[in-house]
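Structure, as structure tokens:
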Amino acid sequence: MKSHVLETGDAAITYDVSGEGGRPLMMIGQPMDASGFVALREQFPDRTVITYDPRGLGRSTRSDGRTDNTPEIQAADVHAVIQAVGGPVDLFASSGGAVTALELVAAYPDDVVTLVAHEPPIIDVLPDAPAARRARDEFMNAYQAGGGGAGMAAFIQMSSWQGEYTDEYFALGLPDPAQFGMPAEDDGKRDDPLLGTSSLAITDYYPRVQALAAAPTRVVIAVGEETGDAFTGRTAVHTARLLGQEATVFPSHHGGFLGGEFGYAGKPEEFGVRLREVLG
């Protein structure tokens, strides 16, 4: 694997290229950096695989004076990487990376041949969007008030809830961090890209349906078979319907491609087989 640094003028984007063969396969996440794709990368020894760290995360830096992770800026960075490696590419995109990827296809329609967008967390496709936004804001407020443990516990409660956010959900109140093995003490930090305000633009994004329909890219919205009716399972299903399709089922859950090193192990071997099938 070879690592490269791409200077964009207001960021230095680090990306990795490994393997050789076939159309390049790029893997992106948000707020996940390249380290999250180690297990999935190993399932494609016959392909050139590209991963990267989004600006401001991992090895990539930013000098634009901003902290927000907008899909438009992220998409421009991914476009620059694709241009540098001589695309077009097939693209697997996870979570917030799937939101970035939808904007990428809309803005740069010749960059991607097939996009597999896995569980994009887009609030406004949901029938209960106002309640979902309230639930999101509650875990962010918990983070601002109590730090990482409080914020992560509230995030886990929100993201694992099955079904629409009803009065029953809000009656739960904020969970005890110890319930999820989280520290109750405030660590004093407020810069977590998942729990803080920097990723608001991701969950508030709305797909550019007409641009996606006009693009030559084959867009596949994917959902984990174990995600059920949790938040990202529902956003995947409704995003797929918005685009006139049914969500394509993949093994495992939201992190189904992860190896055990993240403590959120999925089924990367099975996931890789399914991804290969879908990419054709």
Side-chain angles (χ1 to χ4, degrees), residues 23-32 36-37 40 44 49-52 54 69-79 81-82 87-126 159 199 201-227 230-258 266 271-272 274-280:
R23 181 183 300 118
L25 171 58
M26 191 169 185
M27 303 173 179
I28 69 172
Q30 178 67 39
M32 180 177 287
F37 296 98
L40 187 58
F44 292 88
V49 178
I50 303 150
T51 53
Y52 94 124
N69 299 315
T70 69
E72 293 80 7
I73 291 175
Q74 303 285 342
D77 289 342
V78 175
H79 168 68
V81 173
I82 292 172
V89 302
D90 287 333
L91 181 60
F92 171 74
S94 167
S95 195
V99 179
T100 294
L102 291 171
E103 175 58 25
L104 173 74
V105 170
Y108 310 97
D110 296 325
D111 278 4
V112 182
V113 177
T114 297
L115 164 63
V116 178
H118 186 250
E119 300 195 4
I122 300 172
I123 286 177
D124 283 327
V125 299
L126 295 175
S159 60
S199 294
I202 294 172
T203 50
D204 283 343
Y205 179 81
Y206 198 80
R208 294 202 273 151
V209 178
Q210 291 185 340
L212 291 170
T217 305
R218 173 177 167 242
V219 176
V220 178
I221 306 298
V223 64
E225 64 182 350
E226 298 174 17
T227 307
F231 174 64
T232 56
R234 295 196 300 122
T235 58
V237 167
H238 285 282
T239 300
R241 290 175 182 170
L242 180 69
L243 301 182
Q245 60 179 266
E246 294 296 319
T248 299
V249 178
F250 270 65
S252 197
H253 45 59
H254 189 64
F257 56 91
L258 293 173
F271 200 98
R274 182 61 170 145
L275 180 58
R276 190 182 293 275
E277 291 173 352
V278 172
L279 290 175

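Everything numeric here is computed off the predicted structure, so don't read it as measured data. The residues of the chain are indexed from 1 along the displayed sequence.
Scanning both residues, Met26 and Val89, for their nearest heavy atoms gives CB-CG2, 4.2 Å. Residues Pro109 and Ala215 come closest through the heavy atom pair CB-CB, 3.7 Å. Of all heavy-atom pairs between Pro207 and Ile122, the closest is CG-CD1, 3.8 Å. Summarising the geometry of Thr227 relative to Gly233, their closest heavy-atom pair is CG2-N, 3.4 Å, with the distance given to 0.1 Å. Looking at every heavy atom in both residues, Leu212 comes nearest to Ala106 through CD2-N, 4.0 Å. When all heavy atoms of Val99 and Pro71 are compared, the pair lying nearest together is CG1-CG, 3.8 Å.
Scanning for side-chain hydrogen bond (donor to acceptor under 3.5 Å, both in side chains) contacts around Arg23 gives Asp90, with sequence neighbours left out. Residues that satisfy the side chain to side chain contact (heavy atoms under 4.5 Å, CB included) test with Asp110, not counting sequence neighbours, are Pro216. Listed by chain and residue number, Arg274 satisfy the side-chain hydrogen bond (donor to acceptor under 3.5 Å, both in side chains) test with Glu277 (two or more places apart in sequence, or in another chain).
A donor-acceptor pair is defined here as one N or O able to donate and one able to accept, closer than 3.5 Å; such a pair exists between the side chain of Thr235 and the backbone of Pro120. Judged purely by atom type and a 3.5 angstrom limit, Thr70 uses its side chain to pair as donor or acceptor with the backbone of Ile73.
Contact check for Pro54 versus Asn69: no side-chain heavy atoms found under the 4.5 Å cut-off. Counting heavy atoms from C-beta outward, Tyr206 and Ile123 have side chains that stay 4.5 Å or more apart. Contact check for Asp111 versus Thr217: no side-chain heavy atoms found under the 4.5 Å cut-off. Considering only heavy atoms from C-beta on, Gln30 stays 4.5 Å or farther from Ile28 through its side chain. Residues Leu258 and Met32 meet the side-chain proximity criterion, which asks for heavy atoms closer than 4.5 Å. The shortest distance between side-chain heavy atoms of Leu91 and Leu104 falls below 4.5 Å.
For residues 207-218, the pairs satisfying salt bridge (Lys or Arg N to Asp or Glu O under 4.0 Å) are Glu103-Arg208, with sequence neighbours left out. Applying the ring-ring contact (aromatic ring centres under 6.0 Å, His included) definition to pairs two or more places apart or across chains, those involving residues 95-114 are His79-Tyr108.
Checked against Phe271 for a ring-ring contact (aromatic ring centres under 6.0 Å, His included), the options Phe37, Phe92, Phe44 give a single hit: Phe92.
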Table please: side-chain donor-acceptor pairs of residues 241-257 below 3.5 Å, with sequence neighbours left out.
unit_1 : atom_1 : unit_2 : atom_2 : d
Gln245 : OE1    : Ile221 : N      : 3.1
Gln245 : NE2    : Val219 : O      : 3.1
His253 : ND1    : Gly255 : N      : 3.1
His253 : NE2    : Ala265 : O      : 3.2
His254 : ND1    : Glu119 : OE1    : 2.7
His254 : ND1    : Thr232 : OG1    : 3.3
His254 : NE2    : Ser95  : OG     : 3.0

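Here the straight-line distance linking atom CG of Leu115 with atom CG of Leu279 works out to 9.5 Å at 0.5 Å rounding.
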